[in-house]
Amino acid sequence: MAIHLACSRVFQQSPSSLRRSKQMTPFVPPLTRLAFALCCLVSLTVAAPAQTLHEINNANGFHEMLVAIGPGFITAVKSAPETPPQKVQDALAAALEGAFDADKMEAAIETRMADKLPAKDLADLASFYASPLGKQVTALEIQASTPEERQRKAIEGPKILGELPSRDPARLALYKKIVDDLSAIDTGEAVALNMGYAMLSEMLGAAGKALPDDQIMALLRQRSEGLRRDIETDVMDATAYIYRDLPLEDLKLYETFLVSPAGRHYYDQMQVALGAVMTDEARSFGHRFFVALGYRKA
């Protein structure tokens, strides 16, 4: 998905120079945008043949998505327009060490999802993923997850999507239905705000500027204006690119699977677990950053 991020000037100041929370919140939207884009990517991921939750998550490109979160987060953090002071660079390097580790997150997600899916759902998932359509969709999604394809997706996705209203309105309508079925936009917005809250509350607390929960959320919503629209754009661009060569009838069958009890239960539980784990990781990063700067004890 297209992700355009730039670090806030928070990296160019020491925490003691941050007088009010308003000066700290610019750091949040870029990171929450990254979280959203990656979270929404999960909504477009399908599994290969499997009988257990662990096998499903390993075979469906979910692990590869988790692997991409760490480097993406680091890229966002390091994309400041100006080079921050060496002290801040060193603190960031220390805080980023082990941040959003794919294996750790996967284990935490599977722990949260444990016993959430009945045996029948797992059997139905395995049956679909073993089918020719399941394998075809899996191949398309895994292929689109490579670094090279992510770059092409960012460029070609908007072009393909822009042509659909006149060239193939039925396909466009089905894309929108798939995104709606998965609640990808709502989920992305919720995850981003939760991650932003976790990180901002850690930073405010470390700087001695703790605020009530409602004020923190109000600041986040104010600073994240337009975020939902950006997420929707990213998700639709990615959807148009990934499934561009999938026949319309096959796309309809795939959508039918997504709204089946097994498909819906799997994605509902996975999105909840992913959001919780990413929020925990954001809070942990914020804590380690201020510990490394010497403004908070480990």
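Worth saying up front: this structure is predicted, and the values here are computed from it rather than measured.
By the criterion of side-chain heavy atoms lying less than 4.5 angstrom apart, applied directly or through intervening Ile, Leu, Val, Met, Phe, Trp or Tyr residues, Tyr243 is grouped together with Leu174 in one hydrophobic cluster. Note: the hydrophobic cluster containing Val272 does not contain Leu117 (ILVMFWY, side chain heavy atoms under 4.5 Å, direct or indirect links). Leu258 and Val179 fall within the same hydrophobic cluster, defined by Ile, Leu, Val, Met, Phe, Trp and Tyr side-chain heavy atoms under 4.5 Å apart, directly or through other members. Note: the hydrophobic cluster containing Leu248 also contains Leu164 (ILVMFWY, side chain heavy atoms under 4.5 Å, direct or indirect links). Under a hydrophobic-cluster definition in which Ile, Leu, Val, Met, Phe, Trp and Tyr are linked whenever side-chain heavy atoms come within less than 4.5 Å, directly or via other members, Leu251 and Ile160 are assigned to different clusters.
Here Asp168 pairs with Arg171 in a salt bridge; the nearest charged N to carboxylate O distance falls below 4.0 Å. Salt bridge Arg228/Asp186: present, at least one basic N to carboxylate O contact under 4.0 Å. Under 4.0 Å is where a charged nitrogen must lie from a carboxylate oxygen, and between Arg244 and Glu156 no such pair does. A salt bridge links Arg112 to Asp280: at least one charged side-chain nitrogen sits closer than 4.0 Å to a carboxylate oxygen. For the pair Lys252 and Glu255, the salt-bridge criterion is not met [side-chain N within less than 4.0 Å of a carboxylate O]. Remark: Glu149 engages Arg152 in a salt bridge, criterion side-chain N to carboxylate O under 4.0 Å. Salt-bridge check for Lys176 with Asp180: failed, with every basic side-chain N at 4.0 Å or more from each acidic carboxylate O.
The CD atom of Glu232 sits 11.0 Å away from atom CD of Glu189, with the distance rounded to the nearest 0.5 Å. Atom CG of Asp234 and atom CE of Met236 lie 11.5 Å apart (nearest 0.5 Å). Between the CG atom of Asp237 and the NZ atom of Lys153 there is a distance of 10.5 Å, given to the nearest 0.5 Å. Rounded to the nearest 0.5 Å, atoms CZ (Arg150) and CD1 (Ile155) are 13.5 Å apart. Of the inter-residue distances, the one linking Lys104 atom NZ with Ile109 atom CD1 reads 11.5 Å to the nearest 0.5 angstrom. Atom NE2 of residue His54 and atom CE of residue Met113 lie 13.0 Å apart, to the nearest 0.5 angstrom.
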Please evaluate residues Val277 and Glu106 with respect to the criterion side-chain contact (heavy atoms from CB on, under 4.5 Å), reporting the C-alpha separation (whole Å), side-chain torsions for both, the decisive distance (0.1 Å), and the verdict. CA-CA 9 Å; Val277 170; Glu106 186 170 16; over 6 Å; no
Residues Val191, Leu274; criterion side-chain contact (heavy atoms from CB on, under 4.5 Å); working and verdict: CA-CA 8 Å; Val191 172; Leu274 174 70; over 6 Å; no
Step-by-step side-chain hydrogen bond (donor to acceptor under 3.5 Å, both in side chains) determination, Ser284 to Arg288: CA-CA 6 Å; Ser284 177; Arg288 292 199 306 273; 2.5 Å; yes
Please evaluate residues Tyr129 and Lys135 with respect to the criterion side-chain contact (heavy atoms from CB on, under 4.5 Å), reporting the C-alpha separation (whole Å), side-chain torsions for both, the decisive distance (0.1 Å), and the verdict. CA-CA 6 Å; Tyr129 300 142; Lys135 292 179 180 179; over 6 Å; no
Assess whether side-chain contact (heavy atoms from CB on, under 4.5 Å) is satisfied between Leu96 and Phe289, documenting all intermediate values. CA-CA 8 Å; Leu96 288 168; Phe289 178 48; over 6 Å; no
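Side-chain N/O atoms of Arg264 and Ser260 include no donor and acceptor closer than 3.5 Å.
Looking at Gln271, its side chain never comes within 3.5 Å of a backbone N or O of Tyr266 through a donor-acceptor pair. Remark: the backbone N or O of Thr52 is paired with a side-chain donor or acceptor of Glu55 at under 3.5 angstrom. A donor-acceptor contact shorter than 3.5 Å links the side chain of Thr187 to the backbone of Ser183. Looking at His265, its side chain does come within 3.5 Å of a backbone N or O of Pro261 through a donor-acceptor pair.
In this pair, Phe128 and Phe257 present their aromatic rings parallel. The plane angle is below 30°, not in the 30 to 60° band.
Among all heavy-atom pairs drawn from Leu253 and Leu133, the shortest one is CB-CD2, 3.6 Å. Minimum interatomic distance between Ala240 and Gly157 (heavy atoms only, all atoms of both residues): CB-O, 4.3 Å. Across Gly98 and Glu281, no two heavy atoms sit closer than the pair O-OE1, 4.4 Å.
Looking at His63 and Asp103, their side chains come closer than 4.5 Å, going by heavy atoms from C-beta outward. For the pair Pro165 and Leu172, the minimum side-chain heavy-atom distance is below 4.5 Å. Within the 4.5 Å cutoff, the side chain of Ile56 has heavy atoms near those of the Leu125 side chain. Looking at Ile69 and Met105, their side chains come closer than 4.5 Å, going by heavy atoms from C-beta outward. Contact annotation: the side chain of Ile231 approaches that of Val235 to within less than 4.5 Å [non-hydrogen atoms, C-beta and beyond]. Two residues are said to be in side-chain contact when any heavy atoms from C-beta on lie closer than 4.5 Å; Leu66 and Asp101 fail this criterion.
Residue-environment remark: CD (Gln86) exceeds the threshold of 12 foreign heavy atoms within 6.0 Å.
Shown here are the ring-ring contact (aromatic ring centres under 6.0 Å, His included) partners of Tyr241, two or more places apart in sequence or in another chain: there are none.
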